[in-house]
Amino acid sequence: MKEVVVSGIRSTGNLHLGNYYGALSKFVKMQEDYDCLFFIADLHALTTHPDPKLLHSNVKDILAEYLASGIDPEKATIFVQSDVPEIPELYLLLNMHVGIGELMRTASFKDKARKQLGIKTDATKDDDDIERQIIGTDSNKRVNAGLLTYPTLMAVDILIQKANKVPVGKDQEQHLELTRRFARRFNSFYGVDLFPEPTNFNFGDHAVKVPGLDGSGKMGKSEGNCIYLVDDEKTLRKKVMRAVTDQGPAEPNQPISQPVQNLLTLMELTSAPEVVEHYRNAYADCSIRYGDMKKQLAEDILKVTTPIRERYLDIRNDDAFISRVVKAGAEKARERAAKTLAEVRQIMGITKFY
Ligand code: TYM
């Protein structure tokens, strides 16, 4: 039997290169050899993007981007999280086994809670202070409980399909660690062997962290430093040409600065190895010209994104195709989820009197 693979992406806007190299490109490869389910995490999106007008169109965008990137509905199951009501039910049940403290200590919770409270992100700030602020805030300025229990919902997405492998970027590893912990805890509390402990999957490499164009951290929708898969040629070139670099190396073989390393990391993902080598050497011998480097990078990124963008523009307008795909996907995902949920109910003693 093939191993089960589950992964999802939140419907919070178009997909960027981080999503592509951290997740989507792996989905496309994995569908060949695994029993894959890929979904749109629209319930997770509600924790930060509760906009009814945008939600539906965001879900459709990502469905079209999944299909345009090469996920084949004949090979993999594609579905929308909210089409599977078994997920919220198991989320409630699993939450009975999850500690508030362990959820509060999650890095993504602290980060997003700070944002919801309007506290500037500061890694050195002591966490007690944040916890006090969360408890002390009035109901107008609140951290929503859905954000706290986000990892439970994510664990359920994975466990309800009894997944073995979860292709995600580096930023999701802590959530995956919690998923394993919750699976172990459930199995041992009830003395069962129900849930496998899922692991990240990277085709033998380390988990990927795609950097942004602003010289600092990772590429992310909320950081405003993204290259989107559907950016048109002009926009994409402009973004790359404006990427932050440095003043240029002052002496041979000096350590590579963070902004330039970020561009090299993007090149490693999109360009041929000899191109990366060329610019590394050019930095080392101080002959590097950032304008040329950026032109090359934009060219190589466009080679990846242009075919995706073209297919996306077609698929985005094909409502009949999209609805056929998600309907079939929802049926398959629900059937499997219902089976696991029935087992959990039985194990937890929720049985009917009639
Ligand atoms: P999300 O929507 O933030 O991101 C989707 C996927 O893209 C990856 N990613 C990156 N990888 C490398 N570098 C980056 N700069 C970068 N930015 C994003 C993420 O690691 C992720 O794989 N909680 C999840 C969604 C989710 C999920 C799940 C994933 C919900 N349930 C069950 C797997 C299994 C999230 O917010 O991803």
Side-chain angles (χ1 to χ4, degrees), residues 4-28 30 36-49 58-59 61-62 65-66 69 71 77 79-82 84 87-88 90-91 94 103 106-109 111-112 146-147 149-180 182-183 195 198-202 205-214 216-229 262 265-266 268-270 333 337:
V4 178
V5 171
V6 165
S7 196
I9 298 186
R10 280 173 306 148
S11 48
T12 52
N14 284 115
L15 301 186
H16 51 71
L17 286 185
N19 299 131
Y20 184 73
Y21 286 106
L24 199 49
S25 63
K26 293 189 263 176
F27 298 178
V28 175
M30 291 182 90
C36 292
L37 299 103
F38 301 121
F39 66 97
I40 318 268
D42 57 341
L43 300 175
H44 276 108
L46 290 175
T47 60
T48 53
H49 290 63
N58 281 344
V59 170
D61 276 338
I62 299 189
E65 285 164 334
Y66 272 7
S69 298
I71 301 181
T77 300
F79 68 100
V80 180
Q81 188 183 31
S82 61
V84 183
I87 291 174
L90 185 57
Y91 160 70
L94 190 64
L103 293 174
T106 312
S108 63
F109 172 71
D111 188 36
K112 289 186 175 144
L147 195 60
T149 53
Y150 185 114
T152 317
L153 184 58
M154 176 158 163
V156 167
D157 294 329
I158 298 165
L159 299 178
I160 207 162
Q161 304 294 350
K162 300 192 180 169
N164 312 96
K165 302 243 172 342
V166 184
V168 282
K170 196 159 178 53
D171 60 316
Q172 296 297 317
E173 284 196 322
Q174 192 179 24
H175 289 152
L176 212 48
E177 182 60 49
L178 282 173
T179 302
R180 284 193 286 275
F182 299 161
F195 296 127
T199 51
N200 196 355
F201 187 79
N202 291 291
D205 293 336
H206 293 302
V208 186
K209 179 181 159 187
V210 179
L213 296 172
D214 51 357
S216 54
K218 68 163 188 165
M219 187 173 286
K221 287 171 211 168
S222 52
E223 331 303 328
N225 61 3
C226 295
I227 295 176
Y228 293 100
L229 293 178
N262 287 356
T265 303
L266 286 170
E268 276 162 10
L269 293 165
T270 54

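Atoms within each ligand, like the ligands themselves, are counted from 1 in listed order.
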**Q** Indicate whether any N or O donor in one side chain lies under 3.5 Å from an N or O acceptor in the other, for Thr149 and Tyr91.
**A**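 On atom types as modelled, these side chains qualify, holding a pair under 3.5 Å.
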**Q** Could you list which atoms of ligand 1 come closer than 4.0 Å to a heavy atom of Gly8?
**A**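 With Gly8 as reference, the close atoms of ligand 1 come out as 25 (C), 26 (C), 27 (C), 29 (C), 33 (C), 34 (C).
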**Q** Using a 4.5 Å cut-off on heavy atoms from C-beta on, say whether the side chain of Lys112 contacts that of Thr48.
**A**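 Yes, side chains in contact.
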**Q** So, 4.0 Å and heavy atoms of Gly220: is ligand 1 close enough to count as a contact?
**A**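 For ligand 1, residue contact (heavy atoms, under 4.0 Å) with Gly220 is absent.
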**Q** Where on Val166 is there a heavy atom closer than 4.0 Å to ligand 1, on the side chain, on the backbone, on both, or on neither?
**A**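 It is the side chain that gets close, since no backbone atom is under 4.0 Å.
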**Q** When you measure from the heavy atoms of His16 to every atom of ligand 1, does any distance fall below 4.0 Å?
**A**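 So His16 counts as touching ligand 1.
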**Q** Could you tell me whether the side chain of Asp157 and the main chain of Ser7 form a donor-acceptor pair under 3.5 Å?
**A**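 It does not hold such a pair.
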**Q** Compare all side-chain heavy atoms of Pro167 with those of Val5 and state whether any distance is below 4.5 angstrom.
**A**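 Yes. Closest side-chain heavy atoms under 4.5 Å.
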**Q** Is any side-chain heavy atom of Leu213 closer than 4.5 Å to a side-chain heavy atom of Leu266?
**A**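 SC-SC contact between Leu213 and Leu266 confirmed.
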**Q** Do Ile158 and Phe195 make a side-chain contact, defined as non-hydrogen atoms from C-beta onward lying under 4.5 Å apart?
**A**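 No, side chains not in contact.
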**Q** Have a look at ligand 1 and work out which part of Ser7, if any, has a heavy atom under 4.0 Å from it: side chain, backbone, both or neither.
**A**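 Both backbone and side chain.
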**Q** Counting heavy atoms only, which part of Arg10 comes closer than 4.0 Å to ligand 1: side chain, backbone, both or neither?
**A**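 It is both backbone and side chain that touch ligand 1.
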**Q** Look only at the side chain of Gln174 and the backbone of Ala107, and say whether a donor-acceptor pair between them is shorter than 3.5 Å.
**A**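 The answer is yes, because a donor-acceptor pair under 3.5 Å joins these two groups.
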**Q** Quick one: which of Ile158, Asp157, Thr179 has a heavy atom closest to atom 34 (C) of ligand 1?
**A**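 Checking each option, the heavy atom nearest atom 34 (C) of ligand 1 is found in Ile158.
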**Q** For atom 19 (C) of ligand 1, what's the nearest protein heavy-atom neighbour? Residue, atom name and distance, please.
**A**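 Looking at atom 19 (C) of ligand 1, the protein heavy atom closest to it is Asp171 OD1, 3.4 Å.
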**Q** Taking only heavy atoms of His44, which atoms of ligand 1 are found under 4.0 Å from at least one of them?
**A**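 It comes down to these atoms of ligand 1: 30 (C), 31 (N).
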**Q** Would you say ligand 1 has an N or O under 3.5 Å from any N or O of Val6?
**A**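 Val6 vs ligand 1: no N/O contact under 3.5 Å.
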**Q** Considering the heavy atoms of Val208, write down every atom of ligand 1 situated less than 4.0 Å from one of them.
**A**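 Per the distance check, 11 (N), 12 (C), 13 (N).
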**Q** Kindly confirm or rule out an N or O of Ala23 lying under 3.5 angstrom from an N or O of ligand 1.
**A**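 N/O-N/O distance below 3.5 Å does not exist for this pair.
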**Q** To the nearest 0.5 Å, what is the distance between OH (Tyr21) and CG (Asn202)?
**A**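 Result: 14.5 Å between the selected atoms.
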**Q** Quick one: pull up CD in Gln81 and CD1 in Ile9 and give me the separation to the nearest 0.5 Å.
**A**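 If we round to the nearest 0.5 Å, Gln81:CD and Ile9:CD1 are 12.5 Å apart.
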**Q** Do Arg180 and Val166 come close enough that some side-chain heavy atom pair is under 4.5 Å?
**A**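 Counting from C-beta outward, Arg180 and Val166 never come under 4.5 Å.
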**Q** Which atoms of ligand 1 are found less than 4.0 Å from any heavy atom of Lys209?
**A**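 Near Lys209, the atoms of ligand 1 are 12 (C), 13 (N).
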**Q** Quick one: nearest non-hydrogen protein atom to atom 9 (N) of ligand 1, plus distance?
**A**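 Atom 9 (N) of ligand 1 sits closest to the protein heavy atom Gly18 O, 3.7 Å.
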**Q** Counting C-beta onward and ignoring hydrogens, is there a side-chain heavy-atom pair between Glu65 and Asn19 closer than 4.5 Å?
**A**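 Contact flag for Glu65/Asn19 side chains = no.
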**Q** Working to the nearest 0.5 Å, report the span between CG of Leu229 and CG of Leu24.
**A**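 One finds 6.5 Å between CG of Leu229 and CG of Leu24.
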**Q** Of all the non-hydrogen atoms in the protein, which one sits nearest to atom 37 (O) of ligand 1, and at what distance?
**A**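 Sorting protein heavy atoms by distance from atom 37 (O) of ligand 1 puts Gln172 NE2, 3.6 Å first.
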**Q** Using a heavy-atom cut-off of under 4.0 Å, does the side chain or the backbone of Tyr150 touch ligand 1, or both, or neither?
**A**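 For Tyr150, only side-chain atoms sit under 4.0 Å from ligand 1.
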**Q** Please state which protein non-hydrogen atom is closest to atom 4 (O) of ligand 1 and give its distance, to 0.1 Å?
**A**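 So the nearest neighbour among protein heavy atoms is Asn19 ND2, 3.4 Å.
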**Q** Could you tell me, atom by atom, which parts of ligand 1 come under 4.0 Å of a heavy atom of Met219?
**A**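 Result: 14 (C), 15 (N), 17 (N).
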**Q** Quick one: does Phe39 get a heavy atom under 4.0 Å from ligand 1?
**A**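 The answer is yes, since Phe39 has a heavy atom less than 4.0 Å from ligand 1.
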**Q** What residue and heavy atom of the protein are closest to atom 13 (N) of ligand 1, and at what distance?
**A**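 Nearest protein contact, heavy atoms only, for atom 13 (N) of ligand 1 is Val210 N, 2.7 Å.
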